[in-house]
Amino acid sequence: MTLPAEVREKLAELELELSEGDITQKGYEKKRGKLLAPYIPQIQGVDPSLQIDNRIQGSSQAVLPGSKHNKSRAPNTRDERFRSDLHTEAVQAALAKYKERKMPMPSKRRSVLVQSSVEACTPPDTSSASEDEGSLRRQGRLATSTPYQGHSHPAVEHWFNRVIQGSSTSSSASSTSSHPGGRSVTTTNTTAHAAFNVNAAATALADFMAHTQLGVPVNSRVSSKIQQLLNTLKRPKRPPLREFFVDDFEELLDVQQPDPNQPKPEGLQMSPLAGEPLGVVTNWPPSLPAALQRWGTTQPKSPCLTALDNAGKPVYTLTYGKLWTRSQKLAYTLLNKLSTRNEPLLMPGDRVALVFPNNDPVMFMVAFYGCLLAELVPVPIEVPLTRKDAGSQQIGFLLGSCGVTLALTTDACQKGLPKAQTGEVATFKGWPRLLWFVIDGKHVVKPPKDWHPPIREASNDIAYIEYKTSKEGSTMGITVSHSAMLAHCHALTQACGYTEGETITNVLDFKREAGLWHGVLTSVMNRMHVISIPYSLMKVNPLSWIQKVHTYKARVAVVKSRDMHWSLLAQRDQRDISLSSLRMLIVADGANPWSISSCDAFLNVFQARGLRPEVICPCASSSEAMTVAIRRPPEMGVPPPGKAVLSMGGLSHSVIRVDTEEKLSVLTVQDVGQVMPGAVVCVVRVEGTPYLCQTDEVGEICLSSGSTGVAYYGLPGMTKSNFETIPVTSSGVPISDRPFIRTSLLGFVGPDSLVFVVGKMDGLMVVSGRRHNADDVVATALAVEPMKFVYRGRIAVFSVSVLRDERIVVVAEQRPDASEEDSFQWMSRVLQAIDSIHQVGVYCLALVPANTLPKAPLGGIHISETKQRFLEGSLHPCNVLMCPHTCVTNLPKPRQKQPEVGPASMIVGNLVAGKRIAQACGRDVAQLEDNDQFLYIQDVLQWRAQATPDHPLFLVLNAKGTVASTASCLQLHKRAERVAAALMGRLNTGDHVALVYPPGIDLIATFYGCLYAGCVPVTVRPPHPQNLATTLPTVKMIVEVSKSVCVLTTQAIMKLLKSKEAAAAVDIKSWPMVLDTDDLPRKKSPQMYKPPTPEMLAYLDFSVSTTGILAGVKMSHAATSALCRSIKLQCELYPSRQIAICLDPYCGLGFALWCLCSVYSGHQSILVPPLELETNASLWLSAVSQYKVRVTFCSYSVMEMCTKGLGSQTEALRLRNVNLSCVRTCMVVAEERPRITLTQSFSKIFKDLGLSPRAVSTTFGCRVNVAICLQGTAGPDPTTVYVDMRALRHDRVRLVERGSPHSLPLMESGKILPGVKVIIANTETKGPLGDSHLGEIWVSSPHNATGYYTVYGEEALHADHFNTKLSFGDTQTVWARTGYLGFLRRTELTDASGERHDALYVVGSLDETLELRGMRYHPIDIETSVIRSHKSIAECAVFTWTNLLVVVVELEGSEQEALDLVALVTNVVLEEHYLIVGVVVVVDPGVIPINSRGEKQRMHLRDGFLADQLDPIYVAYNM
């Protein structure tokens, strides 16, 4: 059943009304319903209210059931087979082929939705929204006759999840995703109906998580979205990866091999095509100024130009007499009345800028001809509206290179220009200094009687310069000579059959291209009357040009297809218009692929108003070659117009195949007529030598004629390659001695010598060796019912280069009333349509708010500026969909793990290669010293209390830099005794006691008190009063996991632990006994506890690792003493020394330095609690300077606070006499790879305060041994090497030069401590590795911890962490595994003992590494790249979830930048790491959790993300 023709025509009119907003959606639906009501049969089982919506059309075309674009029309004089709305139908049919593949919709914080409407924030009323739900879903609904379930549950949460239903993958079974509400979801698929209940989903997910050790609630929104994303990604990638051999190191990017089955040209070599010869006219004027003089003197009353106002009323008609006299006045004034220092300002041949608005053609014409008469060269440019116009800087560059010093303009225009403070016109960015001259009547002078402008014959001197913007955004000036200008007017007159006195309407920009050629130059040649229609009038009244054709009985109209499209939308109010006077309707952009549909539609409507089909004359032109070809008017007896339906697939290989059967991916093009008179055209290959193409091959059209541009001004190199091409035959013989100009049009010569254009070089995108035209992609995007969601003319398509191939980006302006979800659905359908029709993936599709894309002067989009903004992250989209998984197909192959070489062969291999086994050790621990007879640290304190009772050990500073508390040996001993006395009655020997204190002397005293009483202390960071909810549970967990029977603390913290606020976070009734030690009685304990052996447990050290595991290690008395002795030897610590410590005192080396070392070595420790730096950033450095400290320790977070907080204040610090020249060594206590950029910037910033660049170094420790390396005071400086990051991914070390690509600097982590032995072992075979090989660092030392007390989170692990042996070689020594990857390298330096020095380089924690594509990545490397990609990224963390890489970035800036980051992050990770980012999460600053050492807690972040607790600004799921 087909609809009657008149109904279809009415429907088409309705469509147009709706698409341009002349009618509301409601009105549209109502009228449409009325029209269709008689033709819709009742469908059983479907609520009648839905029927209109379902729109069953029994028409024979393949149209999507939901399509609103069924525009078949009444047959007209043109052949029905070539209907140009074929494309729309093809798109709809292509979409119908897709089963609906749901993609996870990005989630966005509500505040970011402000730009979109209320609709987006309030669940739509589902019954009325059914119209907007994607057409795809309707198809499913009809196929199964089940109403879409949304109508029965119009719940908010349902609305939220509508786009996130289950994704049907390409297999027939439907997969499901769990909802927040946990309702079961039925995904209707044409092949299967599967309804999984949530339990099934839960078990599937649980299965899934068993492998990833996840405890994520199954119903969380994030995990269901990721599940969906995975389902979408399971689809097979299109191009198969070929097998080829890859060396492990070299990750070769897959090079696209040409497909052997791709179409190849088969025709003969084309022969150049010549236009008819230029006719000889006897009284032809010798130049354009001569023509003006002739008409100005013989026909002064004859009208030349009529200007209209914005209401369409004629404001002024310029006669030829007036044009002649006013141009003369201006010429005289310019040459004689403008002077600088008595020198005339302008000489003949100088360039002058013409700055005229588009609604003032009269002044422009006077200025243009005035310059020609004065023999000056006009350079017409756009009026700069703001200081930051798109492309304005490039225009400035053009003016500068042309040496322009004067700009002509009108009074009104000059008043509107942006002004500087002085009231003069502002200097625009990149522009030369210009003198602005207003050419209105009162500023120009009448020339004396005896002055006449020189009227010469047309020569080869420059007549004018036309600007053109290239694909990259640079602006060139094209010079046109007087003779070429004249010849072009001659050729146009002949081709168009212009006669003297004709009337023409011009809708184009009169400053350049066809608008200038027809409306300013050729018109004067033939004394024609031009009716100039300004763009501003077209915006208000798109019919204005048609009305003027009717009123003035114009014979010719010069328009663009856009003007025809606009007038269609407005034509129904005008019944009495006649276009019968037109003999030529010149379509200036006839080379555009969609001009044909505008021409067809226009003819269709206006044929009834007297428009003859044969008067439509498309033409093709370019700025360089001017007019290339134009369809002649019918009276010239030319062959009928031609059309071609070409296969898009063929075109992408530059081959012409007239497509017959496959209707989906075709391009219908119309001819652009015959070659211009006097010109020769040929088609050459686009790249390389300009060989002539074969007849069935698309190439660049080249033109040779006397009527073209001559050069790019001031660019000889580009001029040579573009204006002086010599096409050659396949045997290499030049086809002519005349040079040809490249027109930048892509096309071919068809039958009847008609020229066809299929695209422009500017829009050419070469993706994986295939060519696609930006305009074609735009046309496809527009055919996906766009009018509801995006503006028709506001779509930009361009390509960016990522990972050595072009990637297609589509940017469109979203209508303000389009909801999030509609837009997202439109986006996913655009992707499918482009994929289906062009067989190319879109890399990124972005929607920006209305009116935010940079505009080209006359509407349109400034493509290069848009691309620039996209690449620098300043486009500010409101919706983004990236599809790197589908369109990046040239990634290196995933690495296949080779069967490991056995450990024995490794050793033999190393021996053969002359490499030593990688092992190193610190100095031997020297013979016993004075206090080495003490095996127990508490004995040392008692001995010091007797020997040197008043020797100061500790000094704690507060935020003001004043001493808050101090302790001498005796004071500390006395305070410890009091604590011991309090504990002894209450606790048993060996009980565990939790010490919850702020950093200070209380903590140290109670620690020794516990040792005195024979208890085992556990230091715990106190909860943060402002942040109890997150910090208190950790305290509680450590107290419970360490099995503490008592908590010692201060009164204030004790109150906090039992407060109401605490009750909200933890069960406060289950605390063990809590004692406050603020006012203990002065009692001496009866006797000190003496441990029976040094192997007894001294204390527990609890710490949360970066992977989120809480692990407590046991430190024996022997290990404690050994640790102190090693540090004492390495740092040369004696009682006379002072060291400054700015670290947290709760675990690891920080605890040892704070609580143990001073007591052992007797030096004085100046303690600076890091928390105090938040109020006074300079506290630590001022203390170091004030006490002239030689050795100081800090953490990365402290160093970062100083770099960020004091970077700009070094001058102020110097004035306060802060001097750091005393520092011999400043060590950063760390359990990670040294952060070389941070240490270097710290050194650089504080160099001004005397800090020696050699002073800063890092330490390395981990859970099994808290101090493995420490720079100390003696020994060589830490070295830095550069390694190849790609080799690291394969667990190899390859040293490279600094600055080479993919190089990564690694700094040595300090010197190995005395008594410590280190070896590098293979993580899998546990065999020893050679020098410079990457493996796990194993350590053996007297101060290794003796084992885990408990590991909370992964109990099963870690038995072998503390005692493991090599599988080969030295199989006796017991080692502890650090869990860090690194390598040893013997350097040329010598250490204290005269041996060559072995440097240890830490690469990163094994638990943190990401296994992706068979390779090992360190998160920090990816994060470093990401942070560099945009100035607003403050911090970044990455982790994986089920093989997807998730990147979380903190945005420091306005939320509208959030979506800019998605593409930049994806690009940089692809380029530098060959990885595809799966999810980009944009969050506020401070969301990424960091521990006290300043390390990112990536696993906490991951848990937070999966439980949906990050409150992200935006989450993008890359397809």
Side-chain angles (χ1 to χ4, degrees), residues 281-309 312-332 356 359-373 439 441 444 446-447 452-453 455 458 463 485-486 488-508 510 514-534 545 547-558 581-584 586 633:
V281 186
T282 43
N283 65 347
W284 199 254
S287 67
L288 257 186
L292 173 60
Q293 182 184 31
R294 176 197 291 181
W295 306 128
T297 49
T298 63
Q299 302 262 6
K301 294 274 188 298
S302 182
C304 168
L305 176 74
T306 298
L308 307 173
D309 64 9
K313 294 210 167 51
V315 206
Y316 182 75
T317 295
L318 180 71
T319 60
Y320 277 94
K322 273 277 182 245
L323 176 58
W324 169 240
T325 53
R326 289 174 65 178
S327 307
Q328 273 184 296
K329 274 188 192 173
L330 178 60
Y332 177 75
F356 291 88
N359 54 7
D360 199 346
V362 172
M363 291 303 242
F364 173 80
M365 212 153 172
V366 169
F368 191 88
Y369 281 101
C371 288
L372 292 187
L373 291 178
I439 67 161
V444 291
K446 199 171 176 179
H452 297 291
I455 305 283
M485 177 167 73
L486 185 73
H488 189 233
C489 292
H490 189 163
L492 277 180
T493 304
Q494 184 173 328
C496 302
Y498 283 138
T499 54
E500 200 179 306
E502 267 191 307
T503 304
I504 97 170
T505 52
N506 177 25
V507 191
L508 308 184
F510 49 74
L516 175 70
W517 305 328
H518 290 268
V520 174
L521 306 177
T522 312
S523 59
V524 168
M525 196 69 183
N526 296 297
R527 192 176 64 78
M528 286 157 33
H529 179 195
V530 179
I531 317 295
S532 189
I533 319 272
W545 70 273
Q547 292 158 351
K548 296 299 169 241
V549 167
H550 174 80
T551 317
Y552 287 91
K553 300 277 176 287
R555 308 286 317 277
V556 179
V558 191
S581 64
L582 277 184
R583 64 177 188 82
M584 254 191 122
I586 298 174

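What you see is a predicted model; the values in this text were computed from it and never measured.
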Minimum-distance pair of heavy atoms, taken over all atoms of [X] and [Y]:
{"X": "Gly519", "Y": "Met365", "value": "O-CE, 4.2 Å"}
{"X": "Leu323", "Y": "Ser327", "value": "O-OG, 2.5 Å"}
{"X": "Cys496", "Y": "Pro633", "value": "O-CG, 3.8 Å"}
{"X": "Trp545", "Y": "Ala557", "value": "CZ3-CB, 4.1 Å"}

* Asked: Mind checking what makes ring pair (Phe, Tyr, Trp, His ring centres under 6.0 Å) contact with Phe368, not counting sequence neighbours?
  -> Phe364, Tyr464
* Structure fact -> Residues at least two apart in sequence or cross-chain that pass ring pair (Phe, Tyr, Trp, His ring centres under 6.0 Å) with Phe356, listed by chain then number, are none
Once you round to the nearest 0.5 Å, how far does [atom1] of [X] lie from [atom2] of [Y]?
{"X": "Thr522", "Y": "Leu288", "atom1": "OG1", "atom2": "CG", "value": "8.0 Å"}
{"X": "Thr317", "Y": "Leu305", "atom1": "OG1", "atom2": "CG", "value": "8.0 Å"}
{"X": "Asn506", "Y": "Lys548", "atom1": "CG", "atom2": "NZ", "value": "14.5 Å"}
{"X": "Leu516", "Y": "Met485", "atom1": "CG", "atom2": "CE", "value": "9.0 Å"}
{"X": "Leu582", "Y": "Thr505", "atom1": "CG", "atom2": "OG1", "value": "7.0 Å"}
{"X": "Thr297", "Y": "Leu292", "atom1": "OG1", "atom2": "CG", "value": "9.0 Å"}

Output a table of donor-acceptor pairs, distance under 3.5 Å, between side-chain atoms of residues 549-556 and any protein atom two or more places apart or on a different chain; print 'none' if there are none.
unit_1: His550; atom_1: ND1; unit_2: Ser578; atom_2: N; d: 2.9
unit_1: Thr551; atom_1: OG1; unit_2: Gln547; atom_2: O; d: 2.6
unit_1: Lys553; atom_1: NZ; unit_2: His550; atom_2: O; d: 3.2

Taking C-beta and beyond as the side chain, do [X] and [Y] meet within less than 4.5 Å on heavy atoms?
{"X": "Leu486", "Y": "Met525", "answer": "yes"}
{"X": "Pro314", "Y": "Leu308", "answer": "yes"}
{"X": "Trp324", "Y": "Pro453", "answer": "yes"}
{"X": "Lys301", "Y": "Thr319", "answer": "no"}
{"X": "Lys329", "Y": "Pro447", "answer": "yes"}
{"X": "Tyr369", "Y": "Leu330", "answer": "no"}
{"X": "Gln293", "Y": "Gln328", "answer": "no"}
{"X": "Leu373", "Y": "Tyr332", "answer": "no"}

* Asked: With sequence neighbours excluded, what pairs up with His490 under the side chain to side chain donor-acceptor pair (under 3.5 Å) test?
  -> none
* Kindly write out the residues that satisfy side chain to side chain donor-acceptor pair (under 3.5 Å) with Glu502, not counting sequence neighbours, or none if the list is empty. => Arg583
* Asked: So which pairs with a foot in residues 517-532 pass salt bridge (Lys or Arg N to Asp or Glu O under 4.0 Å), sequence neighbours left out?
  -> Glu500-Arg527
* Asked: Could you walk me through whether Val362 and Lys322 pass the side-chain contact (heavy atoms from CB on, under 4.5 Å) check?
  -> CA-CA 10 Å; Val362 172; Lys322 273 277 182 245; over 6 Å; no
* To do: Kindly determine whether Ser302 and Trp295 satisfy side-chain contact (heavy atoms from CB on, under 4.5 Å), including the steps that lead there.
  => CA-CA 8 Å; Ser302 182; Trp295 306 128; over 6 Å; no
* Checking side-chain contact (heavy atoms from CB on, under 4.5 Å) for the pair Tyr498/His518: CA distance, chi angles, key distance, verdict? -> CA-CA 10 Å; Tyr498 283 138; His518 290 268; 2.6 Å; yes
